[in-house]
Number of protein chains: 4
Amino acid sequence: MEAILDAVVRILKRQGVDAVTTNRIAEVAGVSVGSVYQYFPDKGAIFVALHDRHAEQMGRLVDKAVVEHAGAPAEEMIAALVDALVDAHARDPELFALLDAEVPHRAGGERALETHLRNALRLALAPRSRDLERTLFVVPVLVDALAHAAALHRPARMSLEAAKREAGRAIRAYLRVTS
Amino acid sequence: MEAILDAVVRILKRQGVDAVTTNRIAEVAGVSVGSVYQYFPDKGAIFVALHDRHAEQMGRLVDKAVVEHAGAPAEEMIAALVDALVDAHARDPELFALLDAEVPHRAGGERALETHLRNALRLALAPRSRDLERTLFVVPVLVDALAHAAALHRPARMSLEAAKREAGRAIRAYLRVTS
Amino acid sequence: MEAILDAVVRILKRQGVDAVTTNRIAEVAGVSVGSVYQYFPDKGAIFVALHDRHAEQMGRLVDKAVVEHAGAPAEEMIAALVDALVDAHARDPELFALLDAEVPHRAGGERALETHLRNALRLALAPRSRDLERTLFVVPVLVDALAHAAALHRPARMSLEAAKREAGRAIRAYLRVTS
Amino acid sequence: MEAILDAVVRILKRQGVDAVTTNRIAEVAGVSVGSVYQYFPDKGAIFVALHDRHAEQMGRLVDKAVVEHAGAPAEEMIAALVDALVDAHARDPELFALLDAEVPHRAGGERALETHLRNALRLALAPRSRDLERTLFVVPVLVDALAHAAALHRPARMSLEAAKREAGRAIRAYLRVTS
DNA sequence: CATGAATGAGTGTTCATTCAT
DNA sequence: AATGAATGAACACTCATTCAT
């Protein structure tokens, strides 16, 4: 299963989505097509699983940061969050850009990372905000968007660290006005 | 050409990406397949054109807001920007979610809206910021992400207006710390 | 009409039969598709006309040789015939090989050159042969096959002149046994 | 594979080249289109294989005649050659005419029969000729052309046997002058 | 469980042909 | 007569999926 998803990733990076056929997946994974269908009902499920796997990896990072900064000020936790997410995406920007742009998302089932962030932050932000609802709407969007941008779309002249720092400033600025 | 893109949109909304075949496009557009190929070299080009058209429409909105608030404070201009973009996307959220999730983007050629915003804001923000580079990195990301979120992914209990307002607050907060 | 056939020849040589489309013919000939259809009922007719034109050109060569050697011994006439045909084909071997191999012949309507040769030789050979029928069967076949072979398929080490001479010897040898 | 080529032959004879579509081939061969593509990379390859198969069949006949008349005079061997080739083509003249006229040859890769003949005859003719090169150029051309003509294009009034005999005479006459 | 040959519905695309101008 | 945009039937080919071994 992991092997299959890894095969998809390899094909995706080497030749693009259009080269991702079930037969090629099997070949690259070193199994037979039949075996691919033992684990996934159809091709769509493979893409879903790929997105899910990524979401879970990011989710684990989020949980870890939340747990590790349970007592600390929200700003610190968020800085850690941004840090972890940016690093994770920066490890293979090409892949994550591809995942976003080319691999179909089946609209609606998504926003997994934002949702996860929202849930994870609910507790951490509860005491801070007069209107939790609105804060929990904005912060995950900022974290997700800025982390992606920092890792994948920052200007050529800006370092990863500088981008992280600026992302942190933006989120902190918002949190401050949400007293 | 417009008719063809409109046909794609219609099929997309009614039956999803997989139903978008060149023959069906022709049928829905009321022309022959051959004519579709008179205007587009292949199916991929149709999707590209669809994304481009959307980007241009948003670009025009951006330009309009920038021009109309040329003398006004940046905050106001940005509020107008968010307003216009949110309204534009809110007019047909389903479509824009689809466009984002299912219609392949050909990774890399993208971020059109952010880029346009960046260029449009360069002048408006020039006097404000000590480090224009970083501001021009963050603001377009915030505008784009919050506008999309407000229009397409806001919590069920939050009104469009409330989402816009909150988006505005977040961006304003960042601009304030970027003296 | 000539222009159209010339266009076909040009495309044929530059890009092969598969590139010969009616639209491309029109383009290369410098007219519109509609005009092509003014002169030819359909695409097949163009190929037929091409073969016919070639057959007529060869036919004229045959007639000329026959007329010019009307009084001379048959051997001489045949030598002239082979000479003329070989030269004609050797002028553009590539084209004639293409014409033979790739341009569909519509089986059965063919053997135009052999038939023409047969008719042209009927008189010249009449006095020589006890069985004209058989001679008129063999000689055109020899002339056609050897002329083509000499012009288009002779071994790399053999000169055109040598090939012609050898072709002549073969035909003469046959004529001699056909007293 | 044999089944596929046989299907092509069947369609060719019944409905002509234009009816030879990959789907129809599959249908007539009793397999699926997919299976056709398991054995042949594309449609062109099928035609090539068809020509190749024919060339091999003829080649086997040539080899057999050469072997069986290894010690005998060259005249006899050639008579046997002509005999075998004429009979082979006469068994289904229509098909071989079609193969020649309508099935594209991909110019240049061809003359397979002549080449085979040339190689087969090299040994047999070696002692006879002062100039082997020229003899090996002419004889295969004569054998091929006369065998085809006898089988496929002889005058209506001439029997197969008579045509064979006359072909033999022509070749023998040439061999005699090539002492 | 694994295999991978076989399947065939379905797709993108081409191109001969037409006909209103 | 000439044009060339429009047509759409038809085709080569792919690839997700199955199932007998």
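All values derive from a computational prediction rather than experimental measurement. What's counted below: heavy atoms across the whole structure, side chains too, no hydrogens, waters or symmetry copies. Quick note on labels: first sequence line is chain A, next is B, and so on, each numbered from 1.
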Review point. Paired stems touching DNA chain E, three or more consecutive Watson-Crick or G-U pairs with both distances under 3.5 Å?
Key: E:2-21 with F:2-21
Revision key, fill the gap. Nearest heavy-atom contact between D:Ala88 and D:Met58 is CB-CE, 3.6 Å
Review point. Between B:Ser32 and C:Ser35, who's closer to the 5' end of DNA chain F by nearest nucleotide?
Key: C:Ser35
[N] [atom2] sits how many Å from [X] [atom1], rounded?
X: A:Arg24; N: F:dT14; atom1: CZ; atom2: P; value: 15 Å
X: B:Phe47; N: E:dT11; atom1: CZ; atom2: C1'; value: 13 Å
X: A:Glu27; N: E:dT3; atom1: CD; atom2: P; value: 14 Å
X: D:Ile25; N: E:dG8; atom1: CD1; atom2: P; value: 17 Å
X: A:Gln38; N: E:dC1; atom1: CD; atom2: P; value: 7 Å
X: D:Ile4; N: F:dC13; atom1: CD1; atom2: P; value: 14 Å

Point to revise | side-chain hydrogen bond (donor to acceptor under 3.5 Å, both in side chains) partners of residues 37-50 of chain A, not counting sequence neighbours, each pair once | key: none
Study note, to complete from the structure: Given protein heavy atoms under 4.0 Å, the one-letter contact record of nucleotides 13-21 of chain E, with B base, S sugar-phosphate only and - none, is simply BBSBBB---
Exercise for review: Measure the CE-CG distance between C:Met1 and C:Asp6 for me, rounded to the nearest 0.5 Å.
Suggested key: 11.0 Å
Review point. Do B:Glu56 and B:Arg53 sit within salt-bridge range, that is, some charged N less than 4.0 Å from a carboxylate O?
Key: no
Check your understanding: Listed by chain and number, what are the ring-ring contact (aromatic ring centres under 6.0 Å, His included) partners of C:His153, not counting sequence neighbours?
Key -> none
Practice item. List for me each residue that meets ring-ring contact (aromatic ring centres under 6.0 Å, His included) alongside D:Phe96, sequence neighbours excluded, and say none if there are none. Key: D:His54, D:His89
Exercise for review: Give me the one residue out of D:Leu50, D:Val28, D:Ile25 that meets side-chain contact (heavy atoms from CB on, under 4.5 Å) with D:Ile4.
Suggested key: D:Ile25
Check your understanding: Contact class for D:Tyr39 (heavy atom, under 4.0 Å): base, sugar-phosphate, or nothing?
Key -> sugar-phosphate
Point to revise | Intermediate values then yes/no, side chain to side chain contact (heavy atoms under 4.5 Å, CB included), D:Gln57 and D:Asp52 | key: CA-CA 9 Å; D:Gln57 286 167 350; D:Asp52 284 353; over 6 Å; no
Revision key, fill the gap. side-chain hydrogen bond (donor to acceptor under 3.5 Å, both in side chains) filter on C:Ser35, not counting sequence neighbours, yields C:Ser32
